[in-house]
Every structure is written in structure tokens, then in C-alpha cells.
Amino acid sequence: RWCQYLAELRTSIATIPEGIQRPISFISSAEPEGYTLPACFDPTLSTLYGWGGQRVEQAKAAAADAIIVALGTNDIGTLHKSPEEIVACLAAMTAIANPLRSFIATIPPNLLAADDTDFIVANALIRNVFPPQDVIDFDTGFGIDLFLPDGVHLNDPGQRLRAQRANDKV
């Protein structure tokens with residue numbers, strides 16, 4: 001839902017920031033088809049596979065100025081991918097999206113995780129690997145009041161906070 005809220009924010013403001021005038025494409029592991037990291041890319045090839053590749057190609061075809069890549073919660077929590085695998089996927093997606101500008105979102109906390117080390121390490125790697133001006137903060141300040149009772153998914157105010165942070169960055 002944060003993508004929808006971001007679109008609303010961007011169409012409701014009087015001026016769009018200079019240099020970002022066309023559509024922004026969103027790549028998130030919350031896609032309806034449920035593709036996540038393993039289907040996301042093959043780093044040895046020049047094309048992406050699964051929904052991620054389709055979204056990058058759609059963004060290029062639409063002459064988008066930028067993409068926002070937000071994934072990781074399901075990849076760490078459900079598929080048990082390492083922080084290094086997450087960052088490798090993000091790096092591959094941004095490389096293939098070139099020349100589109102890529103923004104990378106950090107991973108929101110998982111309040112149900114018995115051990116949140118992988119989330120913390122992945123976010124630290126994201127902040128160290130990608131330029132600070134391209135990183136969107138989706139992890140700090142997300143307390144229990146911004147989550148649904150399941151402790152994994154953000155509630156409406158949490159989604160709106162993500163949208164606001166993305167809007168502030170792009």
C-alpha cells in the first residue's frame with residue numbers, strides 16, 4: 001500500500017522535484033504473484049527474471065526517471081536468505097535498471113523475529129553499499145504502533161510513513 005500512498009502524494013503536490021518528472025516504478029516483494037529473491041534475478045546474466053525483471057522493463061518502457069526497490073522482509077523471514085544475498089540482489093537490480101536512477105529501501109523490522117540480526121545486518125549493508133542519497137529509510141522509527149497484530153506487516157499509518165519517506169527522498 002505504501003506505493004499507492006506515494007503515488008497519491010506525488011500527484012497531489014503542486015510541484016514535482018526537478019529531475020523526477022516522469023513515473024517512478026516500484027519493485028517490492030509484496031507483489032501479488034509472491035515472487036521473492038530466488039526468482040528475482042540471475043546475477044550472471046544481463047536480464048532479470050520473474051516479476052522484478054518485468055517491472056524494470058516496464059519502467060524503462062515508460063521512460064521512468066527512477067525505480068524504488070523495496071524487498072527483504074519475506075526473503076529473510078520466510079526464505080532464510082542472508083543479508084549478503086539480499087544486497088547482491090539489490091545491486092544486480094540497480095545495475096540492470098541502469099540508466100534509471102535506483103532508490104533502495106531498507107527493510108522494516110520484523111517484531112516477531114526471535115533473532116533480528118539478519119535484518120540489522122542487511123540494513124547496515126544497504127547503508128554501506130549504496131550511496132546515502134539513494135537509500136530510503138524504511139526501518140528506523142517503526143514501532144509496534146505502526147504494525148498489524150501479526151508484527152510483520154505495517155498498518156495503514158506505517159504504510160503512510162513509508163510513502164512519506166520515499167516521497168521525501170525522491
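Here the structure is a predicted model, which means the values were calculated and not measured.
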Roughly how far, to the nearest 0.5 Å, is [atom2] of [Y] from [atom1] of [X]?
{"X": "Asn155", "Y": "Arg160", "atom1": "CG", "atom2": "CZ", "answer": "10.5 Å"}
{"X": "Asp156", "Y": "Leu146", "atom1": "CG", "atom2": "CG", "answer": "10.5 Å"}
{"X": "Phe142", "Y": "Leu154", "atom1": "CZ", "atom2": "CG", "answer": "6.0 Å"}
{"X": "Phe103", "Y": "Asp134", "atom1": "CZ", "atom2": "CG", "answer": "6.0 Å"}
{"X": "Leu125", "Y": "Ile86", "atom1": "CG", "atom2": "CD1", "answer": "10.5 Å"}
{"X": "Leu90", "Y": "Ile104", "atom1": "CG", "atom2": "CD1", "answer": "5.0 Å"}

Would a distance-only check, ignoring hydrogens and angles, find a side-chain to backbone donor-acceptor pair under 3.5 Å from [X] to [Y]?
{"X": "Asn167", "Y": "Ala163", "answer": "no"}
{"X": "Thr106", "Y": "Phe138", "answer": "yes"}
{"X": "Asn123", "Y": "Ile107", "answer": "yes"}

Open item on the list: Among residues at least two apart in sequence or on other chains, which ones pass side chain to side chain donor-acceptor pair (under 3.5 Å) with Asn98?
Closed with: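 Partners of Asn98 by the side chain to side chain donor-acceptor pair (under 3.5 Å) criterion come out as none, since no residue qualifies.
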Task: Check: Gln164/Asp168 side-chain N/O donor and acceptor closer than 3.5 Å - done: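 Short answer, yes.
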Pairs of donor and acceptor atoms involving the side chains of residues 111-120, under 3.5 Å and at least two apart or interchain, shall be tabulated with distances.
unit_1, atom_1, unit_2, atom_2, d
Asp115, OD1, Thr117, N, 3.0
Asp115, OD1, Thr117, OG1, 2.5

Task: Minimum-distance pair of heavy atoms, taken over all atoms of Gln133 and Arg101 - done: O-NH2, 3.3 Å
Open item on the list: Looking at every non-hydrogen atom in both residues, tell me the closest pair between Ser102 and Ala97 and how far apart they are.
Closed with: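 Taking every non-hydrogen atom into account, OG-CB, 3.9 Å.
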Task: Test: Arg127 and Asp137 ion pair at under 4.0 Å - done: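 A salt bridge links Arg127 with Asp137.
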- [ ] Show the numbers, then the answer: is there a side-chain contact (heavy atoms from CB on, under 4.5 Å) between Val135 and Ile126?
- [x] CA-CA 8 Å; Val135 175; Ile126 289 169; 4.1 Å; yes
TODO: Evaluate the salt bridge (charged side-chain N to carboxylate O under 4.0 Å, His left out) criterion for residues Asp139 and Arg162: first the C-alpha distance (whole Å), next the side-chain angles of each, then the deciding distance (0.1 Å), finally the verdict.
DONE: CA-CA 9 Å; Asp139 67 304; Arg162 289 173 87 181; over 6 Å; no
